[in-house]
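To keep things clear, I will list the structure first and then write my remarks on it.
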Amino acid sequence: MDFEDNNTQDNIGSNVAQGGSEDLEIYTTGLNPEQKKAVLTTEGPLLILAGAGAGKTKTVTHRILHLISQGIPAEKILAITFTNKAAKEMRERVMTLLNKDRNFNLPLHSQSFSHSHGSYIGEKGKPFVSTFHSLAVHILKESGQSIGIKRNFVIYDRGDSKNTVKQALVDLGHDPKKIEPSKILSIISREKGDFVSQDEYEVKNGDDYIGGIVSEVWKKYDSALHKEGALDFDDLLFKTASLLAKHQDVREHYQNIWKYIHIDEYQDTNQVQYRIVQLLVGKEQNIAVVGDADQSVYGWRGADIKNILRFEEDYPDATTILLEQNYRSTQTILSAANKVIEKNIYRKKKNLFTKNEEGGKINIYNAFDENDEANFVSNTARELIDKGVKGGEIAVLFRANFQSRALEESFLRKGIQYTLLGTKFFERKEVKDALSYIRASMNQESIADIKRIINTPARGIGKTTLLKILEGKESDLPQGAKIKLNDFRGILKSIEKKINTEKTSEVVKHALFVSGLEKSLREEGDDERLENVKELASLALRYDEMPIPTGTEKLLEDSALASDQDDMDRNTQNKRNKKAGENPADSVKLMTVHASKGLEFDNVFITGMEQDLFPHTKMKREENMSPEQEEEERRLFYVALTRARKKLYLSHASVRTIFGSRQVTAPSEFLDDIDDDLVEKDDPQPISGIKSIFIDF
């Protein structure tokens with residue numbers, strides 16, 4: 001997007017690198033006054049607080065270009081962001097700007113040298129633009145020998161790490177069927193992200209039962225990695241921070257290489273990333289961090305909002321610049337977002353504004369239930385598409401994955417092409433597990449289902465026992481294995497009895513209970529997967545009016561055909577689009593709010609705006625939550641609002657079916673924060689054929 005040109009003369013201050021007026025005009029064209037100030041403030045620490053849609057990437061890339069124009073060798077510039085996609089985009093934009101300027105591409109032989117207009121860019125004379133992990137690999141390959149890391153070290157992926165942790169548990173005499181390797185690995189990963197070593201963890205937690213197990217496994221896990229010359233993803237950062245902290249010569253080497261450091265999305269850094277940044281900053285303190293505390297939504301995976309909030313304490317001489325002009329959204333959307341986020345205490349105050357049009361009001365739809373809500377979304381999406389809006393400019397956001405089920409069904413019925421970011425409902429592991437219990441209880445010859453669930457959740461039936469069963473050699477099993485097998489078959493018989501005597505929704509609930517799936521997910525604290533299996537019980541309600549056991553059989557049939565039907569419907573829709581001259585890939589996007597961060601669309605639907613859904617109920621159950629973390633749900637809603645360019649639709653249901661029971665819901669507290677003059681409200685359409693409804697509290 002081309003930004004509006006602004007010729008306002010800025011009072012830049014004494015810490016701005018002074019170039020000629022010709023240079024300033026070339027490298028700040030199209031920037032607003034605050035963006036221009038951020039570009040020209042080149043010396044000393046700089047905090048750029050960039051609101052949503054405020055053009056932060058353009059600001060950073062122009063800043064890098066300006067630095068080079070002032071005679072800074074390109075290879076002295078470091079820029080770090082979080083994803084490969086973001087790093088690739090920034091790298092390409094920087095190189096595009098450089099390639100467009102003839103001053104940087106003269107046919108000279110040296111790699112990088114100063115001349116009257118800037119610096120020549122040769123093959124190696126480029127800014128170092130990468131992710132934190134890529135930076136760590138670069139440093140460790142060059143200098144890791146100082147802490148015993150070979151240059152050709154192996155990088156473990158999550159699967160490799162999980163298998164190694166599992167083996168460590170076995171070697172230490174623990175049963176990996178009772179102690180989940182993934183849980184242990186998650187704890188180790190979180191601690192490494194907090195820059196906590198195994199020794200430090202053991203001192204603090206070694207006396208606890210779980211802490212003691214984690215400490216032992218961690219030690220053995222690290223030993224196994226060291227033996228194989230391997231590092232996991234967390235080690236890449238942890239070892240880099242340790243290397244820089246312990247070896248002054250290595251630290252000074254990289255401080256001398258990178259004199260100008262840029263860190264994007266600084267609000268998303270964890271403790272080990274924060275430490276790496278501190279250690280790379282040289283005595284000149286030429287560090288520019290870009291971020292927005294209001295968009296810090298990854299506290300659950302270790303991001304620490306305090307890193308950006310305390311930047312001015314870490315660097316007392318810092319210059320702070322607010323980028324508040326938004327180039328994405330209408331003023332109506334921004335006014336709503338400003339009102340919502342101003343209630344948070346732990347933030348740097350700013351007020352987004354735009355020169356875009358005022359825009360239409362925000363539509364709030366009070367649905368009868370989740371199906372009415374889904375129909376409202378799909379009907380409105382169809383109307384927009386029929387008016388010429390491209391499907392790719394429509395996004396439907398939800399707080400929890402289970403909400404996608406009703407939305408998917410409604411879009412399929414309407415024949416609207418959509419793309420679900422993430423795993424489709426019936427393809428989710430926990431949903432497949434629950435359905436496999438029901439299928440296996442109806443047909444114990446179903447080998448695929450038996451193999452899937454016989455030890456899910458863990459009940460001590462291993463591969464050897466399963467092999468004996470499949471070979472028809474159960475009589476050879478030891479007595480303990482026979483008892484476990486009989487218990488498993490008792491579960492299936494219990495479910496079979498329910499199938500022949502109860503409605504479908506009760507069958508699903510019983511299967512989740514007697515199998516131990518519900519209990520296992522609850523104990524693991526996996527709210528997302530627990531919500532998904534509960535949604536399966538809610539879905540089953542629609543089959544309750546069918547005869548027993550026909551309803552249950554139909555549920556299994558529909559779930560088995562769902563994927564094929566999805567593909568078939570999408571192919572049909574693609575043919576329709578091709579006939580109409582449309583792009584088949586241009587589909588409506590369905591995704592969680594977390595997945596939407598960094599994206600933008602003309603039209604955005606935010607669904608499930610109810611208390612205990614958004615804000616999510618799990619936020620009330622978290623222990624030891626900091627005040628900053630308690631505000632994260634509001635920040636998440638702010639992120640959702642600011643994804644929209646032109647039009648916002650918010651919806652909530654008066655009744656939502658949860659775990660097979662209809663429950664009355666209250667509208668989200670967030671809706672009350674939006675001024676009445678910014679919204680227009682719609683009520684649900686009367687639903688024919690319904691005289692009364694039983695609400696189970």
Side-chain angles (χ1 to χ4, degrees), residues 34-35 38 47-60 80-83 85-87 89-90 131-132 262-270 273-274 288-311 320-329 333-354 395 397 399 421 591-601 604 606 614-616 619 626-645 648 670 673-674:
E34 293 306 304
Q35 289 173 326
L47 172 61
I48 304 173
L49 295 173
K56 67 182 178 69
T57 303
K58 180 167 186 173
T59 302
V60 173
I80 302 299
T81 188
F82 271 79
T83 66
K85 179 183 176 182
E89 179 187 359
M90 184 174 290
T131 63
F132 270 102
H262 304 75
I263 309 296
D264 192 19
E265 303 287 7
Y266 195 62
Q267 78 279 353
D268 292 335
T269 53
N270 61 18
Q273 291 161 337
Y274 169 78
V289 304
V290 188
D292 181 8
D294 292 337
Q295 297 186 74
S296 178
V297 295
Y298 294 120
W300 50 276
R301 71 182 187 192
D304 192 344
I305 192 176
K306 289 195 287 288
N307 292 346
I308 194 168
L309 294 178
R310 67 185 177 197
F311 183 84
T320 300
I321 297 174
L322 300 181
L323 301 186
E324 297 174 291
Q325 184 174 349
N326 176 284
Y327 293 90
R328 174 188 302 161
S329 307
I333 293 170
L334 296 181
S335 296
N338 287 332
K339 288 294 291 185
V340 165
I341 202 62
E342 71 179 15
K343 279 196 170 183
N344 274 5
I345 297 172
Y346 297 94
R347 61 187 295 259
K348 299 284 188 178
K349 290 185 178 181
K350 63 181 182 305
N351 192 63
L352 295 182
F353 70 94
T354 186
L397 311 184
R399 177 62 182 85
L421 275 68
M591 70 191 82
T592 63
V593 180
H594 278 103
S596 74
K597 189 171 183 292
L599 304 177
E600 55 186 80
F601 306 89
V604 172
I606 307 174
F614 201 3
H616 200 282
M619 301 304 291
S626 69
E628 296 92 340
Q629 290 172 320
E630 289 176 358
E631 295 183 343
E632 188 159 308
E633 283 290 290
R634 185 174 291 277
R635 295 196 295 269
L636 190 59
F637 183 48
Y638 174 82
V639 166
L641 292 171
T642 54
R643 297 312 92 198
R645 297 191 193 105
L648 260 174
F670 296 154
D673 298 330
I674 303 175

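Proximity of L636 to H594: side-chain heavy atoms (C-beta onward) are separated by under 4.5 Å at one or more points. Side-chain contact check for E633 versus R399: some heavy-atom pair is nearer than 4.5 Å. Two residues are said to be in side-chain contact when any heavy atoms from C-beta on lie closer than 4.5 Å; K56 and D264 meet this criterion. Side chains of Q273 and I263 form no contact here, defined as non-hydrogen atoms less than 4.5 Å apart. Using a 4.5 Å cut-off on side-chain heavy atoms (C-beta onward), L47 and I308 make contact. K349 has its side chain within reach of R347: a pair of non-hydrogen atoms, C-beta onward, lies under 4.5 Å apart. Taking 4.5 Å as the limit, some side-chain heavy atom of I606 sits within range of a side-chain heavy atom of F637.
The distance from atom CE of M90 to atom OG1 of T81, rounded to the nearest 0.5 Å, is 5.5 Å. In this structure, CD1 on I341 lies 9.0 Å from CG on L641, to the nearest 0.5 angstrom. Rounding to the nearest 0.5 angstrom, the gap separating the CG atom in N338 from the CG atom in D673 is 12.5 Å. Atoms CD1 and CD, from I305 and E632 in turn, are 8.0 Å apart once rounded to the nearest 0.5 Å. I80 CD1 to H262 NE2: the interatomic distance, rounded to the nearest 0.5 Å, is 11.0 Å. Between atom CG of residue L49 and atom NZ of residue K348 there is a gap of 7.0 Å, rounded to the nearest 0.5 Å.
Residues meeting the side chain to side chain contact (heavy atoms under 4.5 Å, CB included) test with K597, sequence neighbours left out: E265, Q267, D268, Q295, V297, Y298, V639. Residues forming a side chain to side chain contact (heavy atoms under 4.5 Å, CB included) with D304 (at least two apart in sequence, or on another chain): Q271, K306, N307. The ring pair (Phe, Tyr, Trp, His ring centres under 6.0 Å) search around Y638 returns none, not counting sequence neighbours. Listed by chain and number, the residues in a side chain to side chain contact (heavy atoms under 4.5 Å, CB included) with K339 are E342, D675 (sequence neighbours excluded). The side chain to side chain contact (heavy atoms under 4.5 Å, CB included) test applied to I321 returns E34, K37, A38, T41, L46, T319, L323, not counting sequence neighbours. Listed by chain and number, the residues in a ring pair (Phe, Tyr, Trp, His ring centres under 6.0 Å) with F82 are F132 (sequence neighbours excluded).
Using bins of under 30°, 30° to 60° and over 60° for the plane-to-plane angle, the ring pair Y274/Y266 lands in the tilted bin.
Taking every heavy atom of both residues into account, L334 and S329 meet most closely at CD2-CB, 3.9 Å. The two atoms that bring G302 and N270 nearest to each other are O-CB, 3.2 Å, heavy atoms only. Nearest heavy-atom pair across L352 and G51 is CD2-CA, 3.7 Å. Taking every heavy atom of both residues into account, V593 and S596 meet most closely at O-OG, 2.6 Å.
With hydrogens and angles ignored, the 3.5 Å screen pairs no side-chain donor or acceptor of T59 with any backbone N or O of Q35. T83 places a side-chain N or O within 3.5 Å of a backbone atom of A86 that can act as its donor or acceptor partner.
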Test log, rule side-chain contact (heavy atoms from CB on, under 4.5 Å), inputs Q325 and T354:
CA-CA 5 Å; Q325 184 174 349; T354 186; 5.7 Å; no

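Residues E600 and R645 are paired through a salt bridge, judged by an N-O separation under 4.0 Å between the basic side chain and the carboxylate.
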